[in-house]
Trainee: 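First, the structure itself, so that you have it in front of you.
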Amino acid sequence: MKDYLTEVVSNKEIAKNIYEMTLKNTEGEFEKIHCGQFLHLEIPGFLLRRPFGIYKFGGKEISISYAVLGKGTEEMTAIESGENIKVTLPLGNGFRLGEKHKKVVLLGGGMGCVPLAYVPESYPDRKYYAFLGFSEKSRVAFVDEFERRCETVVCTDDGSFGVKGFPVRELENRLSEIKPDVILTCGPHPMLKSVQAFAANYEIPTYASMEERMGCGVGACLVCACRTKQKDGSIASRRVCADGPVFKMEELEL
């Protein structure tokens with residue numbers, strides 16, 4: 001983990017109210033980044049930095065993606081190329097694949113696609129199947145990145161793009177054909193709950209990246225706690241920023 005002064009290369013809208021921002025390290029290359037990790041970004045005029053999943057990375061450049069949901073992200077849309085921004089990275093534990101994980105399903109919902117996009121970059125010697133879900137055509141993003149490395153199915157709730165329905169259902173339709181060794185997932189809680197039930201039913205190892213509001217990003221403030229199951233059956237809180245954001249799916253109390 002290190003603080004960097006970066007220069008904004010681009011900041012563009014890639015779908016309705018969804019932006020991609022690319023940052024260049026002004027001091028050389030970034031530290032080694034692993035898929036599923038995140039960064040803390042300083043927004044001019046705001047006291048607390050904001051956490052964002054790292055979407056793309058390599059050498060001196062990284063990209064994040066963000067949805068415009070509040071005042072902070074609204075202010076970010078006005079950031080222009082050439083401006084300087086401080087970031088702290090890499091944060092979190094990211095996704096880890098074992099040697100036995102040869103067939104990998106990436107199951108993303110909306111902005112939850114972001115931390116999954118560069119799993120194939122970190123583990124290039126696997127077979128990947130991506131199932132991505134969005135509310136409607138105007139909100140569809142990130143697909144090109146997945147299609148370059150994965151067999152990709154895109155779903156929308158209303159059927160305005162790709163398949164009408166939900167990514168978990170489409171995975172179930174192809175389960176006997178794919179026979180995945182592991183599922184990596186990220187998305188809204190209702191989707192994660194359905195993935196949890198699906199994974200338990202078919203006994204497929206699954207790892208989920210949790211999306212929670214964060215304060216400090218290093219585990220001190222406890223704002224981002226999530227509920228996890230202990231071996232003795234009790235429930236304990238764990239910090240998404242420091243203990244996660246990736247957890248074994250069966251550990252989560254959703």
Trainee: My understanding is that only residues two or more places apart in sequence, or in another chain, count here; which of them pass ring pair (Phe, Tyr, Trp, His ring centres under 6.0 Å) with Tyr19?
Mentor: Tyr66
Trainee: Please report the C-alpha distance between Phe57 and Phe30 in whole Å, then the side-chain angles of each, then the deciding distance to 0.1 Å, and finally whether the ring pair (Phe, Tyr, Trp, His ring centres under 6.0 Å) criterion is met.
Mentor: CA-CA 9 Å; Phe57 52 86; Phe30 290 104; 9.9 Å; no
Trainee: Tell me, do Glu211 and Cys186 make a side-chain contact under 4.5 Å, heavy atoms counted?
Mentor: yes
Trainee: What is the minimum heavy-atom distance between Pro245 and Gly94, and which atoms define it?
Mentor: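 Heavy atoms of Pro245 and Gly94 come nearest at CD-N, 4.4 Å.
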Trainee: Looking only at side-chain N and O atoms, does Thr88 offer a donor or acceptor that is under 3.5 Å from a partner on Asp3?
Mentor: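 Yes, side-chain donor-acceptor contact under 3.5 Å.
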Trainee: Can you give me the closest heavy-atom contact between Gly108 and Met191, atom names plus distance?
Mentor: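 Nearest heavy atoms, Gly108 then Met191: C-SD, 4.1 Å.
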Trainee: For residues Gln37 and Leu91, report the shortest heavy-atom separation together with the two atoms involved.
Mentor: CB-O, 3.3 Å
Trainee: Is the distance from the ring center of Tyr123 to that of Tyr128 below 6.0 Å?
Mentor: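 Not under 6.0 Å, so no.
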Trainee: Just verifying a value: how many Å separate Glu145 CD and Cys113 SG, rounded to the nearest 0.5 Å?
Mentor: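 Separation between the atoms: 12.0 Å.
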Trainee: Hey, does the side chain of Asn93 reach the backbone of Asp243 with a donor-acceptor pair shorter than 3.5 angstrom?
Mentor: yes
Trainee: Look at Glu151 together with Arg174 and state whether they make a salt bridge at an N to O cut-off of under 4.0 Å.
Mentor: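 So Glu151 pairs with Arg174 through a salt bridge.
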Trainee: Work out which heavy atom in Glu13 is nearest to a heavy atom in Ala15; give both atom names and the distance.
Mentor: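 Scanning both residues, the minimum pair turns out to be CG-O, 3.0 Å.
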Trainee: Is it the case that Ser63 and Thr22 place a side-chain donor and acceptor less than 3.5 Å from each other?
Mentor: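 Present: a donor and an acceptor within the cut-off.
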Trainee: With the threshold set at 4.0 Å, does a side-chain nitrogen-carboxylate oxygen contact exist between Glu121 and Lys56?
Mentor: no
Trainee: According to the interplanar angle, ranging from 0 to 90°, do the rings of Phe198 and Tyr202 count as parallel (below 30°), tilted (30 to 60°) or perpendicular (above 60°)?
Mentor: tilted
